[in-house]
Structure formats: C-alpha cells, structure tokens
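Taking it in order: structure first as structure tokens, then the write-up.
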There are 2 protein chains.
Amino acid sequence: MASPAVPATGHPSVCQAREVLGRIGDKWSLYVISRLGEDTRRFTDLKRDVAGISQRMLTVTLRGLERDGIVSRTVYPVMPPRVEYALTPMGRTLLDTVGTLVLWAEDHVAEIDRARVAYDGASRSAP
Amino acid sequence: MASPAVPATGHPSVCQAREVLGRIGDKWSLYVISRLGEDTRRFTDLKRDVAGISQRMLTVTLRGLERDGIVSRTVYPVMPPRVEYALTPMGRTLLDTVGTLVLWAEDHVAEIDRARVAYDGASRSAP
DNA sequence: CGGAATCCGATCTGATACTG
DNA sequence: CAGTATCAGATCGGATTCCG
C-alpha cells in the first residue's frame, strides 16, 4: 500500500513519546484540534475552517487523531453521508495547550519573518 | 544543493502561521526547546538530552530555530570548538506551552497506545 | 457528502565520511 | 567538539479519479 490512511507503525503497542509528539505536533493536527474546540464538526466544516488543507491531508490527519484516541468519529448512515468529528475526553485535555500554541504562531508571524530576513541577509553578506 | 541546513522558502518576508506551526510543532523542535529551558546548552549536551535525535537532525533543527529567532547561537573561537545554544526572549515565551505539550505526550503514551491497539484490532476484525 | 485508491514529484532523514 | 557534504531509501502530500 502506498499511502495508507493510518500507516502501521509495524509493532503494535510500543509507541514512544516521540511518536505522540509527531502526531500532535503536526501542523495540521494542531489546526484541526484547535478548530474542533468543544464543538462537533463535520468534515466539510473542518475543511473550510482549516485554511489551506487538502481533502487528503484532512482525511489522513483525522484518521491519525482518531486512531490515537484524540478525536472521535460518528457516522450517520444516511444519504448523503453525515460524519461528525469531536474531541474525545483525552483530546479535550489538549485543547488549551494546542490553542495557545496556534495563537502564539499567529501572533509571532511578523517577528519571525523579520528574524528570517535578518538571518538570510546576514548569511548572504557574511562570506 | 541537496540538503541545505536552512532551506530557503524562496520568497523572503512572506511566512504564514502554518509555516511557523510547522517549525515549532516539529517533534524535534519541541524537544529541543523544552530541553533548552532557561539554560544555555552545548551541542553535545542537547544531543545527549534529546533521546534518539541524530546529529544531522539536531543541526538542522537548531539552524531552523535560529533562523526563526527562537534560539540563539554563540560560537567561541577556540579549539576544540565551543558553541552554546539558548532560547531568545521570543523563544522563552514558548517554553511553558511547549513544556506542557511534551509532558502531555509523555503522560499519555500508554493511553494512546491502548487506543491504537483498540483501533487496529477493530479495523482488522470489521471487514 | 465524505471519503478511498493511486500516481508521482518533492521533501525528509539516517548513515557515512570528512574537517577545522 | 561541532559541525558540513553527499547519497540512497523512506515518507509526505497534492492532484486526480472513482465510489456509496
């Protein structure tokens, strides 16, 4: 399989803190968690709210978060399909921290931008 | 160039919150920031403290954090070389949140592990 | 609507070797 | 000690197509 929705780690039941950080630290996971908040959202809602995410990455991200027990997925067997996502109790314990991190990123875009320009400028003139 | 230490984004001065989240959400960045804490650390100290990081990834991670103004790098022109890393004032504003996230990951490894086993078991028996 | 499957170029990363 | 350079294998992620 080339791109499984939820890539097997190969060895069940031996995950490390590093793997967990890889999941929740992922930029899309951070956005999805922060956008879910306390509410229940549908796939298309999330796709609209998380600016720039592709359908594929939203699917992959949600599957990963679901597998890790951070997000719950509820399917209503109707046509057209209706699927609702929400944070699990464990996921809700992440909300404050993740929200803070996302806000920090948004608040520091300009400052980081200046730092990058300064760094790139210095390294171009240094040699 | 195949693997530049700090890959140019191509367009200076137009970074997005998503890029910033990509940097600070990176699992190695999270670890490095949390291990730096309030102290000044040397390259080898960090390599020892951040379990499992390769020399290359530590270099790449530190360069990225430096470029973004989150980490400062001080070189002492002696032999053997002595280089010290520390959080900048901006980086220090991240410390609490990042520390919380890393702790969360460490605290929830077991619970996430159980969730993965349950998820994988259910999807194997479902079809 | 909410996906799954596939293709495929871009990116990442570890291993290895070399250096001031 | 603290890197840089290079390469090959692994992974990521967008675009596209198809489906119930």
Side-chain angles (χ1 to χ4, degrees), chain A residues 1-10 18-19 21-23 25-29 31-32 36 40-67 71-86 123 126-127, chain B residues 1-10 18-19 21-23 25-29 31-32 36 40-67 71-86 123 126-127:
Chain A
M1 221 180 295
S3 280
V6 180
T9 38
R18 219 174 324 126
E19 275 183 63
L21 275 183
R23 170 81 65 209
D26 177 82
K27 63 182 175 189
W28 297 128
S29 294
Y31 266 124
V32 166
L36 273 174
T40 288
R41 320 289 316 262
R42 297 181 60 176
F43 188 87
T44 309
D45 296 334
L46 288 170
K47 178 127 169 41
R48 178 171 14 84
D49 290 353
V50 179
I53 197 169
S54 67
Q55 185 212 50
R56 177 180 148 75
M57 287 319 293
L58 182 54
T59 302
V60 171
T61 301
L62 284 169
R63 283 292 176 284
L65 291 170
E66 186 195 359
R67 184 167 103 105
V71 158
S72 67
R73 178 170 179 265
T74 311
V75 182
Y76 298 90
V78 297
M79 269 303 276
R82 178 182 186 87
V83 180
E84 296 193 331
Y85 293 93
S123 62
Chain B
M1 221 180 298
S3 280
V6 179
T9 39
R18 220 176 319 127
E19 275 182 64
L21 275 183
R23 169 82 64 207
D26 176 81
K27 64 181 173 188
W28 297 128
S29 295
Y31 267 125
V32 166
L36 273 175
T40 289
R41 319 290 317 262
R42 298 181 60 175
F43 188 88
T44 309
D45 296 335
L46 288 169
K47 178 126 170 41
R48 178 171 13 84
D49 290 353
V50 179
I53 196 170
S54 66
Q55 188 210 45
R56 179 183 150 72
M57 287 319 293
L58 182 55
T59 301
V60 171
T61 301
L62 285 168
R63 282 293 175 285
L65 290 170
E66 186 195 358
R67 184 166 102 104
V71 158
S72 67
R73 178 169 179 267
T74 311
V75 181
Y76 298 89
V78 297
M79 269 305 274
R82 178 182 185 88
V83 181
E84 296 194 330
Y85 293 93
S123 61

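Below, read A as the first sequence line, B as the second, and so on, with proteins coming before strands; counting in each chain starts at 1. Side chains included, hydrogens not; waters and symmetry mates left out as well; all remaining heavy atoms used.
- Between A/Arg63 and C/dA4 there is a side-chain N or O to OP1 or OP2 distance below 4.0 Å.
- Side-chain nitrogen and oxygen atoms of A/Ser54 include at least one within less than 4.0 Å of the OP1 or OP2 phosphate oxygen of D/dG14.
- Remark: the A/Gln55 side chain and the D/dA15 base include no donor-acceptor N/O pair separated by less than 3.5 Å.
- For A/Arg56, counting side-chain heavy atoms from C-beta on, the closest listed nucleotide (D/dT4, C/dA4, D/dG14) is D/dG14.
- Proximity of a side-chain donor or acceptor of B/Thr61 to a complementary backbone N or O of B/Met57 within less than 3.5 Å is detected.
- Although no hydrogens or angles enter the test, the distance criterion places a donor-acceptor pair under 3.5 Å between the side chain of A/Asp45 and the main chain of A/Arg42.
- Look at CG on A/Leu58: it is 13 Å from C1' on D/dG13, rounded to the nearest Å.
- A search for salt bridge (Lys or Arg N to Asp or Glu O under 4.0 Å) contacts involving B/Arg82 returns B/Glu84, not counting sequence neighbours.
- Sorted by residue number, the members of residues 74-86 of chain A with any non-hydrogen atom under 4.0 Å from DNA chain D read A/Pro81.
- Taking every heavy atom of both residues into account, A/Ser29 and A/Arg23 meet most closely at OG-O, 3.0 Å.
- At whole-Å resolution of the value, CD1 in B/Ile53 and P in D/dA2 are 14 Å apart.
- Of the residues in residues 42-50 of chain A, A/Arg42, A/Phe43, A/Thr44 come within less than 4.0 Å of DNA chain C through at least one heavy atom, sorted by number.
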